[in-house]
Every structure is written in C-alpha cells, then in structure tokens.
Amino acid sequence: MNLIISGYGKMGKAIEKKAVEKGWKIAFVIDQQYEKETAWSGSPIYKSLNDVKMAAQANSVAVDFTHPDAAFDNIKNFAEKKIPLVIGTTGWLDKLDEARRIVEKNESCLLWSSNFSLGVNLFYKIAEYAASLMDKYDEYDAGGWEFHHNQKADSPSGTAKILAQKILAKSSRKTTAVYDKLERPPKPSELHFASLRIGAVPGEHGLLFDCGADSIQIKHTARNRDGLVSGALSACKWLLEQSLLGKSGVWTFEEACE
C-alpha cells in the first residue's frame, strides 16, 4: 500500500510513523509550508500535488489533515487525479454537496470524518440514544461542550457540530444549535454548545442533561492522537479496498465502521 500524506503537521507526522510501523510505503508528502525536501521516512515533500514528479500507483491512497481553507481545493485536486482521499480536516462541510459532485464526476473516492477516533464514533451512537431517551422528559434541558488545544484552527470542532446535529435529530424540543457566546438566556428551542481552546488538550466532548433535581453528563476524552491515527489508517485501508473493487463515491467513517 502506498500512502500519500497531505499536511505534514502533528497528525501528518504521527500518521507517517504509524504507517511505516505497519509496513506501508510513504509515496510522498505534500505540505505547502514545510521547508525540508524529505520527510522523516525519507519520502519527498512537495509544495502541492501539481508539483509531484511521480505518478501515483494504482494501490495509492491519500490522507489529508491540513487546514479548513485548503481542504476543499485538496479534495478537488485528488479527485481530478482519481486518487482515493481520506480527509480528516474539518471546517469545510458547508461545501460537502459540491465536493460530492466533483468526486462523482471524476469517478473517484472520498471518505470524510470530523473525528476518526473509534471511541468518538461509538460516542455518537451513545449520544443519539441518550437524546432519544431524555426527550421523553420535559423537565430536562440539554447542552454540550468541547475543549481542544489552543492551536486548533476551527471552533466549534467538527465533532461538536455532528454531536449537536445528532441531538437535534432526536429532540422534539430543540431545533437549533447555537455555538456563539450568548448575551441573553438561550431559547427553549436552542441547543447551546460551548467551545474552549486551551493548552495542549487533545480533545474532550461532552453532553449535559440537566433539571432542578439532578444532572446527567456523558463525555468522551481523548488522551492523545493514537486513536485518531489508527482510525485514519483503517479508513485509508477501507477506502483503497473500495477503489480497487471499482467503486466510487463519498463515504463517512461511520459507514466504514459498520
């Protein structure tokens, strides 16, 4: 398996090392701002996909952890070259429909997720069940929070947005997610989801169901990036298998985990 790494930040480097441990070959790395010409694995680093001097082999798959501003263009570029792409970059989902059209037009493959942690994807299911359960009791209000390190580019996190949408889908009283600071009490129909950026926190997401008598909290806390790396590599393997079977389209990590 040949892995193309788009984005040579903390996640890109962690994915590189784990992939090498698994015996995968790093075809090349793409990073617009990285100054060195070779990566830790010895693979060449290019500024963009257009600068790549070698053709991607048939058993190549790319993984992208870059920046929200670059994500959509990266999806387009990889799709046009028919290279299957796993994208963990967040902050671009407002263009998901357009990305789907581009991928399908080029008969390529895309797998996206706001969080590749297996634990988070299990937490999604727990959150849905909890929301449907608590919706039966009018006295309980619902809200959420997420904490991340102070270098994270987007706020709220993509995971927070997905959690909020899953709660809204199971709630008969909450219709709108609010992520911004409120200068007023939230409306009964609003699901308030707060964000905090501090220190080196890998990531924490939580939900709160509260009434005058008691509170119920459920949360997922990431200890490090290991779960994200393992999930992203599992997604790469799954997506490459779909491509080699002649399939094309857009999938989520939740679908790949089923």
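Along the sequence shown, the residues carry numbers beginning at 1.
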[X] [atom1] to [Y] [atom2] distance, which is reported to the nearest 0.5 Å:
{"X": "Asp31", "Y": "Tyr46", "atom1": "CG", "atom2": "OH", "result": "14.0 Å"}
{"X": "Ile75", "Y": "Ile102", "atom1": "CD1", "atom2": "CD1", "result": "8.0 Å"}
{"X": "Asn74", "Y": "His67", "atom1": "CG", "atom2": "NE2", "result": "12.0 Å"}
{"X": "Ser132", "Y": "Ile167", "atom1": "OG", "atom2": "CD1", "result": "9.0 Å"}
{"X": "Leu122", "Y": "Glu254", "atom1": "CG", "atom2": "CD", "result": "10.0 Å"}
{"X": "Phe65", "Y": "Lys13", "atom1": "CZ", "atom2": "NZ", "result": "15.5 Å"}

Quick check against the 3.5 Å criterion: does [X] have a side-chain atom that pairs as donor or acceptor with the backbone of [Y]?
{"X": "Glu80", "Y": "Asn77", "value": "no"}
{"X": "Lys82", "Y": "Cys109", "value": "no"}
{"X": "Glu98", "Y": "Lys95", "value": "no"}
{"X": "His192", "Y": "Asp180", "value": "yes"}
{"X": "Ser189", "Y": "Thr175", "value": "no"}

Exercise. Any salt bridge between Lys170 and Asp135, counting N to O under 4.0 Å?
Worked result: no
For this session: Could you tell me whether Phe116 and Phe253 have their ring centroids closer than 6.0 angstrom?
Result: yes
For this session: Please state whether the rings of His205 and His148 are parallel, tilted or perpendicular, taking 30° and 60° as the class boundaries.
Result: perpendicular
Please tell me whether [X] and [Y] are part of a single hydrophobic cluster in this structure, the criterion being side-chain heavy atoms less than 4.5 Å apart.
{"X": "Ile26", "Y": "Ile45", "result": "yes"}
{"X": "Val178", "Y": "Leu191", "result": "no"}
{"X": "Ile162", "Y": "Ile218", "result": "yes"}
{"X": "Phe72", "Y": "Leu85", "result": "no"}
{"X": "Leu163", "Y": "Leu118", "result": "no"}

Exercise. After noting the C-alpha distance and the side-chain angles of Trp24 and Leu233, does the key distance pass the side-chain contact (heavy atoms from CB on, under 4.5 Å) rule?
Worked result: CA-CA 10 Å; Trp24 296 11; Leu233 290 179; 3.4 Å; yes
I'd like to check [X] versus [Y] (side-chain heavy atoms, cut-off strictly below 4.5 Å). Are they in contact?
{"X": "Cys211", "Y": "Tyr140", "value": "yes"}
{"X": "Cys236", "Y": "Leu3", "value": "yes"}
{"X": "Leu110", "Y": "Phe78", "value": "no"}
{"X": "Val61", "Y": "Trp238", "value": "no"}
{"X": "Val86", "Y": "Trp251", "value": "no"}
{"X": "Tyr8", "Y": "Ile15", "value": "no"}
{"X": "Ile87", "Y": "Leu111", "value": "no"}

Where do [X] and [Y] come nearest, in terms of heavy atoms and distance?
{"X": "Thr89", "Y": "Trp92", "answer": "O-NE1, 2.8 Å"}
{"X": "Gly206", "Y": "Phe193", "answer": "O-CZ, 4.1 Å"}
{"X": "Val20", "Y": "Ser41", "answer": "CG2-CB, 4.1 Å"}
{"X": "Ala39", "Y": "Glu16", "answer": "CB-OE2, 3.2 Å"}
{"X": "Ala70", "Y": "Thr66", "answer": "CB-OG1, 4.3 Å"}

For this session: Only pairs at least two apart or in different chains count here, so list each salt bridge (Lys or Arg N to Asp or Glu O under 4.0 Å) that has a residue in residues 141-162.
Result: Asp141-Lys174, Glu146-Arg197, Lys152-Asp154
Problem set entry | Pairs involving residues 222-233, ordered by first then second residue, that meet salt bridge (Lys or Arg N to Asp or Glu O under 4.0 Å) (sequence neighbours left out) | none
Problem set entry | Exercise: do Asn50 and Ser48 side chains pair donor with acceptor under 3.5 Å | no
Does [atom1] belonging to [X] count more than 12 external heavy atoms closer than 6.0 Å?
{"X": "Lys10", "atom1": "NZ", "answer": "no"}
{"X": "Glu241", "atom1": "CD", "answer": "yes"}
{"X": "Glu37", "atom1": "CD", "answer": "no"}

For this session: Return the set of residues passing side-chain hydrogen bond (donor to acceptor under 3.5 Å, both in side chains) with Asp69 (not counting sequence neighbours), or none when no residue passes.
Result: none
Problem set entry | Residues clustering with Leu196 (ILVMFWY side chains joined when closer than 4.5 Å, directly or via others) | Trp145, Phe147, Ile198, Val201, Leu208
For this session: Using the test side-chain contact (heavy atoms from CB on, under 4.5 Å), find all partners of Lys17 that sit at least two apart in sequence or belong to another chain.
Result: Trp40
For this session: Please collect all side-chain hydrogen bond (donor to acceptor under 3.5 Å, both in side chains) contacts where either partner lies in residues 106-129, sequence neighbours excluded, each pair once.
Result: Asn115-Thr159
